[in-house]
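Below, all heavy atoms of this structure are taken into account, side chains as well, without hydrogens, waters or symmetry copies.
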Amino acid sequence: VQLVESGGGLVQAGGSLKLSCAASGYVTFSNSVMGWFRQAPGKEREFLAAISRSGGSRYYADSVKGRFTISRDNAKNTVYLQQNSLKPEDAAVYYCAVSFITGAPRAANEYRYWGQGTQVTVSS
């Protein structure tokens with residue numbers, strides 16, 4: 001299983017980015033819950049958002065609710081994270097992950113596969 005994130009970079013505070021995560025190596029993308037996490041230096045990995053298999057249900061951490069939007073395209077085996085109104089405290093390495101747990105997994109140990117991450121830097 002391979003997850004490849006892209007779309008990170010440097011953006012000014014208040015700006016936007018759209019992260020992508022392309023999955024390959026398994027045939028059950030549409031049967032898996034997808035999530036996004038981030039980790040800043042010296043901090044624990046933080047849950048941000050998860051999306052159900054069909055995309056019909058979405059779950060967010062309070063820290064990003066209303067600013068970030070998770071979506072998926074099962075035909076492309078890709079999950080996205082649209083980030084708006086970025087703040088300096090959003091700077092981190094962002095990871096996508098795969099879970100086979102039903103519901104809304106929020107803990108990192110509920111996710112089985114992880115990408116290598118993409119860096120987001122927000123300047124003030």
Side-chain angles (χ1 to χ4, degrees):
V1 176
Q2 186 175 21
L3 301 173
V4 180
E5 300 98 336
S6 61
L10 173 64
V11 63
Q12 289 188 331
S16 299
L17 285 174
K18 186 173 185 178
L19 307 184
S20 299
C21 171
S24 62
Y26 72 118
V27 297
T28 57
F29 179 83
S30 59
N31 286 337
S32 57
V33 172
M34 299 298 297
W36 282 98
F37 289 72
R38 68 186 177 191
Q39 189 165 18
K43 295 187 176 182
E44 294 187 353
R45 193 163 294 191
E46 176 189 11
F47 168 81
L48 300 176
I51 188 166
S52 64
R53 294 163 177 77
S54 67
S57 297
R58 308 177 190 193
Y59 311 92
Y60 297 95
D62 289 343
S63 58
V64 303
K65 194 176 296 182
R67 299 189 300 123
F68 290 8
T69 301
I70 189 171
S71 62
R72 68 190 295 163
D73 185 339
N74 286 343
K76 296 182 178 180
N77 283 7
T78 301
V79 63
Y80 305 96
L81 187 69
Q82 176 68 46
Q83 304 175 291
N84 297 327
S85 303
L86 282 161
K87 307 174 182 180
E89 53 263 42
D90 292 318
V93 178
Y94 283 71
Y95 300 91
C96 67
V98 176
S99 176
F100 298 107
I101 295 176
T102 57
R106 293 174 180 258
N109 63 10
E110 295 181 300
Y111 286 79
R112 183 177 298 183
Y113 301 115
W114 293 81
Q116 293 193 335
T118 185
Q119 177 73 49
V120 171
T121 303
V122 184
S123 62
S124 57

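- Rounding to the nearest 0.5 Å places CG of Leu17 at 8.5 Å from OG1 of Thr118.
- A side-chain contact (heavy atoms from CB on, under 4.5 Å) with Asn74 is found for exactly one of Ser54, Ser30, Ser32, namely Ser30.
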> Can you list the steps and then say if Thr102 with Arg53 is a side-chain contact (heavy atoms from CB on, under 4.5 Å)?
Replying inline: CA-CA 9 Å; Thr102 57; Arg53 294 163 177 77; 3.7 Å; yes

>> Let's go through Leu19 and Val120 carefully: what are the C-alpha distance in whole Å and the side-chain angles of both, what is the deciding distance for side-chain contact (heavy atoms from CB on, under 4.5 Å) to 0.1 Å, and is it a yes or a no?
In response: CA-CA 9 Å; Leu19 307 184; Val120 171; 4.1 Å; yes

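- Under the 4.5 Å side-chain contact rule for hydrophobic residues, Tyr94 and Val122 share a cluster.
- Between atom OG of residue Ser6 and atom NZ of residue Lys18 there is a gap of 10.5 Å, rounded to the nearest 0.5 Å.
- Of all the heavy atoms in Pro88 and Ala13, the pair that sits closest is CD-CB, 4.1 Å.
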>> Between Tyr60 and Thr69, does the side-chain contact (heavy atoms from CB on, under 4.5 Å) criterion hold? Intermediate values first, please.
In response: CA-CA 8 Å; Tyr60 297 95; Thr69 301; 3.7 Å; yes

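- Remark: Glu5 engages no residue in a side chain to side chain donor-acceptor pair (under 3.5 Å) (not counting sequence neighbours).
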> Can Asp73 and Tyr80 be said to form a side-chain contact (heavy atoms from CB on, under 4.5 Å), step by step?
Replying inline: CA-CA 8 Å; Asp73 185 339; Tyr80 305 96; 4.1 Å; yes

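- Crowding of Gln119 atom CD: a count of heavy atoms from other residues, nucleotides or ligands under 6.0 Å exceeding 12.
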> Can Phe68 and Trp36 be said to form a ring-ring contact (aromatic ring centres under 6.0 Å, His included), step by step?
Replying inline: CA-CA 10 Å; Phe68 290 8; Trp36 282 98; 9.7 Å; no

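- Residues Asp62 and Lys65 are paired through a salt bridge, judged by an N-O separation under 4.0 Å between the basic side chain and the carboxylate.
- Closest approach of Ile51 and Ser71 over heavy atoms only: CD1-CA, 3.6 Å.
- Residue Asn77 holds its CG atom at 9.0 Å from OG1 of Thr28, rounded to the nearest 0.5 Å.
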